[in-house]
Amino acid sequence: SISIQRRNYQDAIAKLQQAQKLIESTSGKEDRDYVAVITDLARAEQMGATKRDQLPKIAGIYEEALNLSNKVFPPDHPQIGKINLAYATLLFVEGNMADAENRFNEAIRITTKNGGEKSIDMAQMKASLAILYVKQKRYGAAEQLFADAISIGTRKLGETNDAVRRWKSL
């Protein structure tokens with residue numbers, strides 16, 4: 001995670017791949033730590049991707065993470081919501097709006113079920129889904145989501161926060 005924060009994606013990817021192999025050889029794939037590592041690996045790969053042809057491979061990692069998370073976590077576990085959110089952003093970049101919308105909505109549903117309806121993560125999810133709706137010219141649906149994101153963001157981060165100001169400008 002430190003390498004990701006420093007934007008040293010190749011270093012992060014190499015370390016996560018080592019961790020993936022180690023966990024797989026000791027605990028197997030149906031392990032919470034394995035799911036966490038491959039989710040972080042997909043995120044690092046996504047952040048470091050320089051070509052669109054890398055995106056299907058990353059989508060496959062998210063699919064594996066979701067399939068395994070449904071085996072190792074109880075239904076609606078927050079980790080499943082986080083994977084859906086990360087996968088939704090990839091699908092959005094790929095232009096797969098229908099699947100991205102479904103993943104954003106699933107992440108919102110899980111986050112709400114776990115008491116996160118007023119979290120900054122929820123604000124970001126709603127703003128991301130609103131942007132998707134604007135791209136689809138579904139302005140009515142986007143308007144309420146932006147209003148919710150701005151309300152949460154203003155309470156949690158203040159009116160001068162860059163994200164809140166960006167949401168207001170959209």
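On a predicted model such as this, the values are computed, not experimentally measured, just so you know.
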Please step through side-chain contact (heavy atoms from CB on, under 4.5 Å) for the pair Gln17 and Glu45, ending with a clear verdict.
-> CA-CA 11 Å; Gln17 287 171 333; Glu45 293 260 8; 3.9 Å; yes
Heavy atoms, side chains only, cut-off 4.5 Å: are Leu68 and Ile38 in contact?
-> yes
NZ-CG distance between Lys21 and Leu16, expressed to the nearest 0.5 angstrom | 12.0 Å
For the side chain of Thr89 and the backbone of Ala86, is there at least one donor-acceptor N/O pair under 3.5 Å apart?
-> yes
Indicate, with yes or no, if Leu145 and Met97 share a hydrophobic cluster defined by side-chain heavy-atom contacts under 4.5 Å among Ile, Leu, Val, Met, Phe, Trp and Tyr.
-> yes
Show your working on side chain to side chain donor-acceptor pair (under 3.5 Å) between Asn102 and Asn105 and close with a plain yes or no.
-> CA-CA 5 Å; Asn102 290 336; Asn105 280 318; 5.3 Å; no
Salt bridge (Lys or Arg N to Asp or Glu O under 4.0 Å) pairs touching residues 161-170, sequence neighbours excluded, are Glu159-Lys168, Asp162-Arg165
Taking it one step at a time, do Glu143 and Arg138 satisfy salt bridge (charged side-chain N to carboxylate O under 4.0 Å, His left out)?
-> CA-CA 9 Å; Glu143 188 174 1; Arg138 294 167 59 189; over 6 Å; no
Salt-bridged, Glu64 to Lys57, with N to O below 4.0 Å?
-> no
Would you please test Thr39 and Lys82 for side-chain contact (heavy atoms from CB on, under 4.5 Å) and show each step?
-> CA-CA 9 Å; Thr39 302; Lys82 290 176 183 177; over 6 Å; no
same_hphob_cluster(Ile110, Ile152) at 4.5 Å side-chain heavy-atom cutoff = no
Heavy-atom closest pair (Leu41 atom, Gln20 atom, distance to 0.1 Å) is CD2-OE1, 3.5 Å
Is it true that Lys15 and Asp11 have a side-chain N and a carboxylate O under 4.0 angstrom from each other?
-> yes
Can Gln124 and Ser119 be counted as having a side-chain donor-acceptor contact under 3.5 angstrom?
-> no
Check: Tyr133/Glu101 side-chain N/O donor and acceptor closer than 3.5 Å = yes
Quick one: closest heavy-atom pair of Met122 and Thr112, and the distance?
-> CE-OG1, 3.1 Å
Leu85 side chain near Met125 side chain, heavy-atom distance below 4.5 Å | yes
Going by heavy atoms in the side chains, are Phe73 and Val35 under 4.5 Å from each other?
-> yes
Minimal heavy-atom distance between Leu132 and Ala100, with the atoms involved, is CD1-CB, 3.7 Å
Please report the closest heavy-atom contact between Val72 and Asp31, naming both atoms and the distance.
-> CG1-N, 3.6 Å
Spell out, as yes or no, whether a donor-acceptor pair under 3.5 Å connects the side chain of Asn96 to the backbone of Phe92.
-> no
In short, Glu94 meets Pro56 closest at the heavy-atom pair OE2-N, 3.9 Å
Is the shortest heavy-atom distance from the side chain of Leu55 to the side chain of Leu90 under 4.5 Å?
-> yes
Would His77 and Arg32 satisfy side-chain contact (heavy atoms from CB on, under 4.5 Å), going step by step from the backbone distance to the final call?
-> CA-CA 12 Å; His77 189 278; Arg32 289 176 175 215; 4.3 Å; yes
Quick check: does any side chain N or O of Asn114 sit under 3.5 Å from a backbone N or O of Asp76, one acting as donor and the other as acceptor?
-> yes
Report the C-alpha separation of Lys118 and Asp148 in whole Å, then their side-chain angles, then the decisive distance to 0.1 Å, and conclude whether the side-chain contact (heavy atoms from CB on, under 4.5 Å) test is met.
-> CA-CA 9 Å; Lys118 301 293 182 194; Asp148 291 349; over 6 Å; no
Check salt bridge (Lys or Arg N to Asp or Glu O under 4.0 Å) between Asp53 and all other residues, then give those that pass, not counting sequence neighbours.
-> none
How long is the span from the CD atom in Gln79 to the CG atom in Leu66, to the nearest 0.5 Å?
-> 9.5 Å
For the side chain of Arg43 and the backbone of Ile83, is there at least one donor-acceptor N/O pair under 3.5 Å apart?
-> no
Flag yes if Phe104 and Ile58 sit in one hydrophobic cluster, no otherwise; membership is Ile, Leu, Val, Met, Phe, Trp, Tyr, and two members link when side-chain heavy atoms are under 4.5 Å apart.
-> no
Are Glu106 and Arg103 ion-paired here, with the side-chain N under 4.0 Å from a carboxylate O?
-> no
Asp121: what forms a salt bridge (Lys or Arg N to Asp or Glu O under 4.0 Å) with it, not counting sequence neighbours?
-> none
Here the pair of heavy atoms bringing Ala142 nearest to Ala130 is CB-O, 3.5 Å
Are Tyr62 and Leu91 linked, directly or through other ILVMFWY residues, by side chains that come within less than 4.5 angstrom of each other?
-> yes
Answer yes or no: is there a donor N or O on one side and an acceptor on the other, between the side chain of Ser25 and the main chain of Leu22, under 3.5 Å?
-> yes
Between the OG atom in Ser169 and the CZ atom in Phe146, the distance rounded to the nearest 0.5 Å is 8.0 Å
Check whether any side-chain N or O of Ser151 sits under 3.5 Å from a backbone N or O of Ala147 as a donor-acceptor pair, and report yes or no.
-> no
Counting distance only, does the side-chain N/O of Asn84 pair as donor-acceptor with the main-chain N or O of Ile80 below 3.5 Å?
-> yes
